[in-house]
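Since the structure comes first, as structure tokens, the remarks are kept for the end.
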Amino acid sequence: MDPKRWRLDGQLALVTGGSAGIGRAIARELLGFGADVLLAARDAAALDAARAELQEDFPEREIQAFVADVADEEQRRELLDWVEDFGEGLHVLVNNAGGNLSKAATDYTEDEWRQIFEVNLFSAFELSRYAHPLLTRHAASCIVNVGSVSGLTHVRTGAPYGMSKAALHQMTRNLAVEWAEDGVRVNAVAPWYIRTRRTSDKLADPDYLDEVLLRTPLGRIGEPEEVAAAVAFLCLPAAGYVTGECIAVDGGFLRYGF
Ligand SMILES: NC(=O)c1ccc[n+]([C@@H]2O[C@H](COP(=O)([O-])OP(=O)(O)OC[C@H]3O[C@@H](n4cnc5c(N)ncnc54)[C@H](OP(=O)(O)O)[C@@H]3O)[C@@H](O)[C@H]2O)c1
């Protein structure tokens with residue numbers, strides 16, 4: 001076994017939404033495998049705190065952060081210009097930043113549901129396209145999109161979130177095929193309930209939590225590190241023949257019929 005197949009030494013990774021939750025866990029996991037990591041998020045203080053915490057744990061790694069709203073076209077371009085200025089191209093892009101506003105379908109204003117698409121889908125498509133020339137500077141590089149089980153079946157998130165994640169999964173398949181000849185693998189993960197700040201309010205309701213657990217064969221809520229592990233696997237040279245795939249990180253939720 002060649003241990004290099006299970007390492008990311010010398011690789012540069014950009015993780016959007018890297019200041020909290022799943023994104024921060026992904027950054028930590030990639031650092032653990034030897035990558036240098038660039039983080040992006042909107043809140044400068046939280047981003048800097050996350051960067052400092054990771055730097056303390058991985059003093060030998062390069063960790064930099066850039067304040068950007070990936071739902072904003074200009075800021076997306078600025079983010080990728082900043083990445084380009086490192087002069088190393090890019091080995092890994094993780095499109096993790098996402099957001100939601102949960103309502104009945106008839107209650108959304110047009111601006112509200114379009115914004116959900118902007119942050120979950122259009123950001124990932126545009127960042128992937130801008131990153132393409134940086135990714136193709138290397139013989140092998142990859143994109144991992146953080147999708148959701150809501151893009152594969154109905155869950156109670158509201159329709160636009162599920163629609164945007166479904167499109168993100170299809171984007172994964174399309175780009176995987178289109179960019180295979182460029183050496184860029186494109187994969188996704190689909191988490192079910194993961195313990196982060198965005199789920200903490202809902203999961204604090206014991207009745208709701210019971211309902212979620214009843215529908216989860218493994219009988220517990222997932223941890224950000226468990227999503228990060230699947231993302232890291234998809235980035236490794238060991239996964240070099242995996243592209244266009246989606247790994248559910250869902251405690252068996254999607255496989256649970258009656
Ligand atoms: N938690 C779950 O149960 C679950 C399940 C399925 C899928 N997911 C997906 O996993 C991803 C991460 O979710 P999470 O639970 O880890 O959320 P989280 O704990 O709220 O963290 C979200 C991260 O993304 C950043 N972010 C949000 N909007 C952004 C924007 N417009 N531009 C740049 N950064 C932005 C946040 O920082 P700022 O707010 O400072 O920008 C933060 O760093 C999302 O795509 C979500 O849809 C989560």
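First listed ligand is number 1; within each ligand, the first listed atom is number 1.
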Worksheet entry | Distance under 6.0 Å and angle within 45° of ring axis: Arg255 vs Phe253 | no
Can you tell me how the ring of Phe122 sits relative to the ring of Phe117, calling it parallel under 30°, perpendicular over 60° and tilted otherwise? tilted
When every non-hydrogen atom of Ala50 is compared with those of Gly18, the smallest separation belongs to CB-O, 4.3 Å
*Please determine, by modelled atom types, if Asn174 and Glu178 share a side-chain donor-acceptor pair under 3.5 angstrom.*
no
* Can you tell me if Asn96 has a non-hydrogen atom under 4.0 Å from ligand 1? -> yes
Going by the 4.0 angstrom heavy-atom rule, the piece of Val119 near ligand 1 is side chain
Modelled atom types, side-chain donor and acceptor of Asn95 and Ser128, under 3.5 Å
yes
Atom CZ of Arg137 with >12 non-hydrogen neighbours under 6.0 angstrom | yes
Any heavy atom of Trp192 under 4.0 Å from ligand 1? The part involved is backbone
If we number the atoms of ligand 1 from 1 as shown, the ones under 4.0 Å from a heavy atom of Ala68 are 32 (N), 33 (C)
Exercise. Out of curiosity, is Ala25 lining ligand 1, as in a heavy atom under 4.0 Å away?
Worked result: no
Any heavy atom of Lys165 under 4.0 Å from ligand 1? The part involved is side chain
Gly147 heavy atoms within 4.0 Å reach ligand 1 at atoms 7 (C)
Task: Distance-only donor-acceptor check, side chains Gln64 and Glu62, under 3.5 Å - done: yes
Short version for Val70: what comes under 4.0 Å of ligand 1, heavy atoms counted, is both
Contact region, Thr199 to ligand 1, non-hydrogen atoms below 4.0 Å, reads side chain
